[in-house]
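Below is one structure, written out as structure tokens; the observations come after it.
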Amino acid sequence: NKELNITEVLDKKWTEIDGTLDYGSVKNVHWIRFKIKNTNDYKIEKELFIPYHHIHKIDLYVFEGDSMHFRQRKGTMRVNDDLVFNTGHNFKINLDPNSAYTVYIKFNHLYRPLRATSFLMSSERLLDIQLINYRVLWFWRGAFLFAIIISIIIFFFVGLRIFLYYFVLNIGIAIFMASQLGDIFIFFNSDPTEISTVLDFAGATIVSAFFPLFLNTLVKIKQRNEIAWKWMFGFIYLMVVVFILNLFPGIRTSIIQYYSHIYMMFVAAMVFILQLVFLFKSILLKDKNALVLFIIYCFYVSTVFLNVILPNMGLLHGTPFVYNSLLAISMFEIFTFIILMGREALQVYKERAKLIKKEEKHQHEMMLSIIKAQEEERDRVGRTLHDSIGGSLAIIKQNLRAEDKKIQRTLTKTIDVVRTLSHGLVSPMVKQEDFQDELKELCYMFNSSRMKMHCYFHNWPELESLDWTTHFYRITQELIQNAIKHSKANNVYFQFIGDESVATLIYEDDGVGFNYDENSRGLGLRNIRNRLEIMNGTLDVD
């Protein structure tokens, strides 16, 4: 845990290891020494490749015998013009013919997981590895960008939380991968205050929180494991506290970060394992989507453990392709989850369509019932007027004396009014062949010296049913009543026009007009709209 220089460590006691050079969160500066020989008769050039980007400081010393051959320094806390986002650090080592070298590497990566596994290879091999890494990385970026765009667009249109959770989950994955791959160095050429740790913790916290929420929208794991779910999220909430603490530079560059990393890895591992247990339990209970998710998740978890968690804990060797398998399984997860979410969205869409259709049918039946009740009530009132009141007035007229001519004229007019009212109220049940005559008669009945009614027919089709002729008759009645009451018109025009399978009634007058927005909810217009809706018609007002 002290910054020793090269001369101070040359004579120190070294421990020979035969295993991984990857460690969990460390509290010490690590020195690694190994020997290289060139037994050829010609000079060769090698690349020492460390396939882990985020290392604070790396000092490389190459000794030939007792003299230092050369030295190189790299690391994320140092200013390097060539430090860009990539998948590791590489050092060029030139080996003279028939020479032996001792290489010392100092890794100062305090309080974070350290991957110190190094690979010696040719420049051509290193270029091949970097090209493969870049291709996989950029292909993953394209698939990832596609997934988050699609998920947020579908969320805004459909409103399902599954797409929101998936979007936030992928944002968390993006933040975590950005911290691991060094995307921060697209914008900065050094990271002296460990901003990468903030990104690392933020990504890990978001993924740990939203992965269970996302799975719960596909399989109801929460309601089957309520106690474990509460305890799990208790630990996740503490991750948020740890993340907030590490926002302060003094804390994230201190020993506190060491324990923060241990806690973050512990909770992440616990969350991943618990989801497997939850899904397995759902399989036993034969929950929908459980088996498919379990298989996908097994692949995903195993890859995460093999490529991130176990190497970070120092239990597994690293490879030159540090994140390729993780990126590949992430792409597999992206497309499979999109298919699953698409299926869920389609199912919701179908259910909504059924519900809308059922609601439309219900509204249609309600309108039919309302109109039927209206017709029955009109029939009742109309027949009462005709049979009772009209009949009584007729009897009174017959029993009047001949000289009571003034009363007889009044009664005659009253009987005519009652007859007109009763005929207007009683359902006409107009037959198709009599429809035009009945409508012209209706208009003629309301003609007066103050208001002229004009009725025209052109290519009028045969309507589907007797009910439809009744609806048109009632609509015409309603329009006439509105014209008499409100229009102050001198001329009213009705045009009944047929065009292929469409029947159109055009009403016009030369009156004062009306404000449709203020009167659109009136009973008369509502009745017209209801009847038109029953006939799959529309109402246009100009």
| remark: Shortest non-hydrogen pair, Phe119 vs Pro51, comes out as CE1-CG, 3.7 Å
| request: Verify the neighbour count for atom CG of Leu284: are there more than 12 heavy atoms of other residues, nucleotides or ligands below 6.0 Å? | output: yes
| query | Can any side-chain N or O of His89 pair as donor or acceptor with the backbone N or O of His53 at less than 3.5 Å? | reply | yes
| query | Taking everything shown except Phe70 itself, do over 12 heavy atoms lie less than 6.0 Å from its CZ? | reply | yes
| task | Enter the distance from Ser179:OG to Asp200:CG here, rounded to the nearest 0.5 Å. | result | 4.0 Å
| field | Contact check, side chains of Thr117 and Ile50, non-hydrogen atoms, under 4.5 Å | value | no
| Note: Arg112-Glu194 ion pair, threshold 4.0 Å (strictly below) | yes
| remark: Heavy atoms of Ile175 and Gly203 approach each other most closely as CG2-N, 3.7 Å
| Polar side-chain atom of Thr193 near backbone of Asp191 as donor-acceptor pair, under 3.5 Å | no
| request: Measure across Leu110 and His56 and return the closest heavy-atom pair with its distance rounded to 0.1 Å. | output: O-CE1, 3.7 Å
| Between atom NZ of Lys281 and atom CG of Leu285, what is the distance when rounded to the nearest 0.5 Å? | 7.0 Å
| query | Taking the six-membered ring for Trp, are Phe34 and Trp14 ring centroids under 6.0 Å apart? | reply | no
| query | Do Phe176 and Ile173 have side chains that get closer than 4.5 Å, going by heavy atoms? | reply | no
| task | Classify the angle between the aromatic ring planes of Tyr52 and His109 as parallel (below 30°), tilted (30 to 60°) or perpendicular (above 60°). | result | perpendicular
| request: Given side chain to side chain contact (heavy atoms under 4.5 Å, CB included), test Leu276 with Cys298 step by step and report yes or no. | output: CA-CA 7 Å; Leu276 279 176; Cys298 281; 3.8 Å; yes
| Counting only heavy atoms not in Phe280, do more than 12 fall under 6.0 Å of its CZ? | no
| CG-CG distance between Leu4 and Leu10, expressed to the nearest 0.5 angstrom | 11.0 Å
| Thr197 OG1 to Ile251 CD1 distance, which is reported to the nearest 0.5 Å | 12.5 Å
| request: Could you list the residues that satisfy side chain to side chain contact (heavy atoms under 4.5 Å, CB included) with Lys222, not counting sequence neighbours? | output: Asn216, Trp229
| Closest non-hydrogen atom pair, Asn94 against Tyr101 | O-OH, 4.0 Å
| query | Taking the inter-plane angle between the rings of Tyr61 and Trp31 on a 0 to 90° scale, is it parallel (under 30°), tilted (30 to 60°) or perpendicular (over 60°)? | reply | parallel
| said: For Ile149 and Leu145: C-alpha separation, side-chain torsions, deciding distance, then whether side chain to side chain contact (heavy atoms under 4.5 Å, CB included) applies. | reply: CA-CA 6 Å; Ile149 291 174; Leu145 187 63; 3.8 Å; yes
| Looking only at atom types and distance, does a side-chain atom of Glu533 sit under 3.5 Å from a main-chain N or O of Asn530, one as donor and one as acceptor? | no
| Do any pairs count as a salt bridge (charged side-chain N to carboxylate O under 4.0 Å, His left out) and have a residue in residues 60-71, sequence neighbours left out, and if so which ones? | none
| query | Parallel under 30°, tilted from 30 to 60°, perpendicular over 60°: which one fits the rings of Phe235 and Phe266? | reply | perpendicular
| request: Would you please name every residue forming a side-chain hydrogen bond (donor to acceptor under 3.5 Å, both in side chains) with Ser67, sequence neighbours left out? | output: none
| task | May I have all residue pairs that pass salt bridge (charged side-chain N to carboxylate O under 4.0 Å, His left out) and include part of residues 48-60, sequence neighbours excluded? | result | Asp59-Arg73, Asp59-Arg78, Asp59-Lys106
| message | Would the distance check show the side chain of Asn40 and the main-chain N or O of Tyr42 forming a donor-acceptor pair, the cut-off being under 3.5 Å? | response | no
| Should Tyr104 and Thr102 count as side-chain neighbours, where that means a heavy-atom distance under 4.5 Å? | yes
| request: Report yes if some heavy atom in the side chain of Phe107 is under 4.5 Å from a heavy atom in the side chain of Ile55; otherwise report no. | output: yes
| Atom CD1 in Ile283, atom CG in Leu291: separation rounded to 0.5 Å? | 5.0 Å
| message | How close do Met264 and Val242 get, counting heavy atoms only, and between which atoms? | response | CE-CG1, 3.8 Å
| request: Indicate yes or no for a side-chain donor-acceptor contact from Ser99 to the backbone of Leu95 under 3.5 Å, with no hydrogens or angles considered. | output: no
| message | Quick one, Phe144 and Arg141 - any side-chain contact, counting heavy atoms below 4.5 Å? | response | no
| field | Pair Leu238-Val240, side chain to side chain contact (heavy atoms under 4.5 Å, CB included): steps then yes or no | value | CA-CA 5 Å; Leu238 281 177; Val240 177; over 6 Å; no
| Distance-minimising heavy-atom pair for Ile148 and Ser151 | O-OG, 2.9 Å
| Backbone N/O of Thr7 and side chain of Asn5: donor-acceptor pair under 3.5 Å | yes
| When you check the side-chain N and O atoms of Ser196 and His54, is any donor under 3.5 Å from an acceptor? | yes
| said: Counting C-beta onward and ignoring hydrogens, is there a side-chain heavy-atom pair between Met239 and Ser208 closer than 4.5 Å? | reply: yes
| message | Show me the pairs that pass side chain to side chain donor-acceptor pair (under 3.5 Å) and involve residues 230-246, at least two apart or across chains. | response | Asn246-Ser260
| Can you find a pair of side-chain heavy atoms, one from Phe294 and one from Gln275, that are under 4.5 Å apart? | no
| field | Minimum side-chain heavy-atom gap Leu60-Val103 below 4.5 Å | value | yes
| field | Exam field: side chain Asp287 to backbone Val219, donor-acceptor pair closer than 3.5 Å | value | no
| query | Hey, what's the ring geometry for Tyr258 with Tyr111, parallel, tilted or perpendicular (30° and 60° as the breaks)? | reply | perpendicular
| Do any pairs count as a salt bridge (charged side-chain N to carboxylate O under 4.0 Å, His left out) and have a residue in residues 28-45, sequence neighbours left out, and if so which ones? | Glu45-Lys92
| query | After noting the C-alpha distance and the side-chain angles of Ile162 and Tyr165, does the key distance pass the side chain to side chain contact (heavy atoms under 4.5 Å, CB included) rule? | reply | CA-CA 5 Å; Ile162 182 174; Tyr165 290 158; 5.8 Å; no
| Value rounded to 0.5 Å, distance of CZ in Phe278 from CD1 in Ile221 | 6.5 Å
